[in-house]
**Q** 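First the structure, then my questions, so here it is.
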Protein chains: 2
Amino acid sequence: MVTLREVARAAGVSPATASRALTDAPHVSAANREQVARAAASLGYRPHPAARALTTGTTATVGLVVPDLANPFFAAVAKGVQARARETGREVLVADTDEDATLEQDVVARLGNRVDGLVLCSPRMPAETLGSVISEALAADGRVALVNREAPGAPSVSFDIADGVRQAVDHLRALGHETVAYAGGPRTSWSDAERRTALGAAAGGAVLDLGSFRPTHGGGVQAADLALAAGATAVLCFNDLVALGVLARLHARGVRAPDDVSVVGFDDVATAALVTPALTTVAVPLARAGREAVDLLGGNAGAAARHRRLPVELVVRASTAPAPPAFSPSPPARTDPEVVIR
Amino acid sequence: MVTLREVARAAGVSPATASRALTDAPHVSAANREQVARAAASLGYRPHPAARALTTGTTATVGLVVPDLANPFFAAVAKGVQARARETGREVLVADTDEDATLEQDVVARLGNRVDGLVLCSPRMPAETLGSVISEALAADGRVALVNREAPGAPSVSFDIADGVRQAVDHLRALGHETVAYAGGPRTSWSDAERRTALGAAAGGAVLDLGSFRPTHGGGVQAADLALAAGATAVLCFNDLVALGVLARLHARGVRAPDDVSVVGFDDVATAALVTPALTTVAVPLARAGREAVDLLGGNAGAAARHRRLPVELVVRASTAPAPPAFSPSPPARTDPEVVIR
DNA sequence: TTGTAAGCGTTATCAT
DNA sequence: ATGATAACGCTTACAA
C-alpha cells in the first residue's frame, strides 16, 4: 500500500504539503502542487479512507435504508441515491430491512457511525420510532433525509400524491366511470394515508373504499374480487404491484380490462409499461427523489425543516377506457356509508 | 461520542483490557469482562468503525458492483448479498455502474480500499478488464467473488445454464414444437455464450438463432418479429425481460400466446409470475447466488479457484402450450445454415 | 508557503 | 491477566 508519506518523499515535500496539495487546500505553490500530483499518479496513490475518516470525522459515505431492494419502487430510489452520491464523490452503504419494521431501528444504529448521512425510505416504520431515530442517534442537522414520507425534524422528499390521486380520479370520471373503487395499501403507510385524504376530496362523487391490502400482487388479487362484487367499473390501486394483481385476477375471472373494468396503478415502476394491457398509472419521480434526498444531506442551512414535494404525472396507457354502457355484475355498494370515503 | 477510553475508565480498567473484553479476545478475567460489558452498555458505546479499520486493516464491509440496481435480476442478487453480509456482521457498499462497462473498472478502484472483499456481478465487463481487475487491485485471495460468470483467478457462483437450456428445449420439444427459436443476449455476455453452447447440444434438432438483442423489453419486441418471420412456434429468450417484450409484440400483432406461439424466459424474476400469461421460465437462484458469493469472500483455503454452479429449474406456467397443428405464417428458415446453431 | 508534530479511536506489542 | 505504549494513515494547528 502506498501512503501519503511515500508520495511526499517522492515529490520532495513534507506530508503536510502533500496532503494540502491532494485535497486542493490553499497555501501550496503551483510547482509543489504539480510535483505532488505527478508523484501520486505515478505511484498509484489511493488515500486510505479509514485514516481520512478518523481525522476528519467524515466518511464520504451515505447510508440508505429500504424495506426491500427487490421491490422496483425502492430499487429505483436506490438507483437515484447511488447516482447522486457517486457524482458528489460519496459511496453508498445500503441496508435492506427485509420488510421488518423492528429491524429498521437496529439497522439505523449500525449504519449511523459509518456514514455522514442517512436516506430513510421506510414507509412502515412507526411514526414514533422514526421520531426517536431522527432525534436520538442523528441529532445533528442534515444527518437524515426522508423519502416518500414526511415527519417533523427531518428534511424530506415526497411526492404530490394528492395531485396524482386527483389526476387519476379525474381521468376515470372523464371516461364516464361512476363507481370508482380504491384498493388501499397498509394502514400504517404514510403514503396510503395521503392517498385516502386526497380521495376524500375527489370531485365528482365519492370513491369506494375496498379496504387495506398488502402492497403486493396478492393484495391486488384480493381487491379485484371485492371491486367486482361492489360493481365498480374502475379501480385505483395503491401501487403498480397491486394493479398488476387486479389485472391478473380480472383476467382469470374472464373480466376484460379495460373493456369491462379500468385499472389505474401508482408509481409507474418499470414493468408497468411492459405488461399487457400496459398500465395507466401515476408516474412518480423515484430516482429523482433519491437524488434530491442525497442533496438534502449535510444540510448546511435550515434545511432540516425542508420538505420537497415532487410533481407527479398520470401516464395514460391501455388499462383504462371509457366505462361500459351498463356493466354491473352486482349492485354498487355506494349506499353503505361505512365503505365510502367522504 | 463515547470512546473506548471512557468505557475503560467507567469499568476501572485500561483501554487495552476494555478492547480485549469487547472483542471477545482471550486473557480477560470473567469479572472484568462483565464490568466492561456493563459499562459499554450503560454508556451506549459504539466502536468507531474507521478507527478499528485503521488498526486492523479490515473494514467489515463488502462491496457489490452491478450494472443496474433497478434491473430485477441484479436487485435479487443484491438482496442476497445484503442479507448474508448482515448475518455475518458486515455492511454492503453498493455501486451501480449504470450499464457502463468503462465505469466498472473505475468503480472497482474506488471501492477497493473501502471493503474487505468485492462481489462482482458485471456481465458486460470485457474478459481482459475483468482479468486485470482480479489480478491488479485485488491481488489477495478471497478479495473478489464473481456472480453469474466464471473467470480464472477468482472464485465464482454461477448457474447451471446448460441444464436450464436443456430443460427448456426438452419442454418445448415435448409439446411438439419443431421450430424453436432463440432470442439471444449481448454477444459480450458470458452467460449468453453459455446458453448458445448449450443450445448447440440440444436434442431433437437444431434451434434457430434469431440473433443478439439488447437484454430488455425492446430487444424482445425486435426478436418477436424475426421469430414470426422465421415461422417459429416457440421462442426461448435470453431473459425474462426479453420474453416480456416478445409477449407484448406477439399480442400487438394479434398472435396469441401460448396458443399460436410459446414463449420461455430465463431467470424467473419476480414479475415473470405476475404477467398474463404467466411466464414459463428457467428459475435461477439469484438471491442464493448473492449469499454464496459473500461466503466465498475472505477465502481462507484454496477457495480462490472455487467455482460453484447452482442448479436451475424450469418453471412451467402459462406461456407455453402444445404446438399448434399448423401455424406457419411463412416457411421456416431452418434450411439456412447461417442462422442455425449446430 | 512550508514543515513539525499532535492527535483521531482502536488494536497489537511488549513488558509486567 | 493487565497495562503502558506504539502504531495505523491521514489532516491540521501551530511554528517557522
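Residue numbers begin at 1 in each chain, while the letters A, B, ... track the order of the sequences. This is a predicted model, so every value here is computed, not measured.
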**Q** Name the closest nucleotide to the Leu54(B) side chain, picking from dT11(C), dT2(D), dC8(D).
**A** dC8(D)
**Q** Taking only side-chain nitrogens and oxygens of Thr17(A), does any of them come within less than 4.0 Å of OP1 or OP2 of dG3(C)?
**A** yes
**Q** Determine whether any donor atom in the side chain of Arg20(A) lies under 3.5 Å from an acceptor atom in the base of dG3(C), or the reverse, and answer yes or no.
**A** yes
**Q** In terms of side-chain geometry, is the basic nitrogen of Arg114(A) or Glu91(B) positioned less than 4.0 Å from the acidic oxygen of its partner?
**A** no
**Q** Under 4.0 Å: is that the gap between some side-chain N or O of Ser19(B) and OP1 or OP2 of dT11(C)?
**A** yes
**Q** Would you give the length of the straight line joining atom CG of Asn148(B) to atom OG of Ser122(B), rounded to the nearest 0.5 angstrom?
**A** 10.5 Å
**Q** Should Arg291(A) and Glu87(A) count as an ion pair when the cut-off is N to O under 4.0 Å?
**A** yes
**Q** Can you figure out which of dA4(D), dT2(C), dT10(C) approaches the side chain of Arg52(B) most closely?
**A** dT10(C)
**Q** Just compare dG9(C), dC10(D), dT2(D) and give me whichever is closest to any side-chain atom of Thr55(A).
**A** dC10(D)
**Q** Just to confirm, is there a sub-4.0 Å distance from OP1 or OP2 of dG9(C) to any side-chain nitrogen or oxygen of His48(B)?
**A** no
**Q** Respond yes when some side-chain nitrogen or oxygen of Asn32(B) is under 4.0 Å from OP1 or OP2 of dA1(D), and no when none is.
**A** no
**Q** Just how far is it from atom CG of Asp116(A) to atom OG1 of Thr59(A), taken to the nearest 0.5 Å?
**A** 3.5 Å
**Q** Is the phosphate of dT11(D), meaning OP1 or OP2, less than 4.0 Å from a side-chain N or O of Thr23(A)?
**A** no
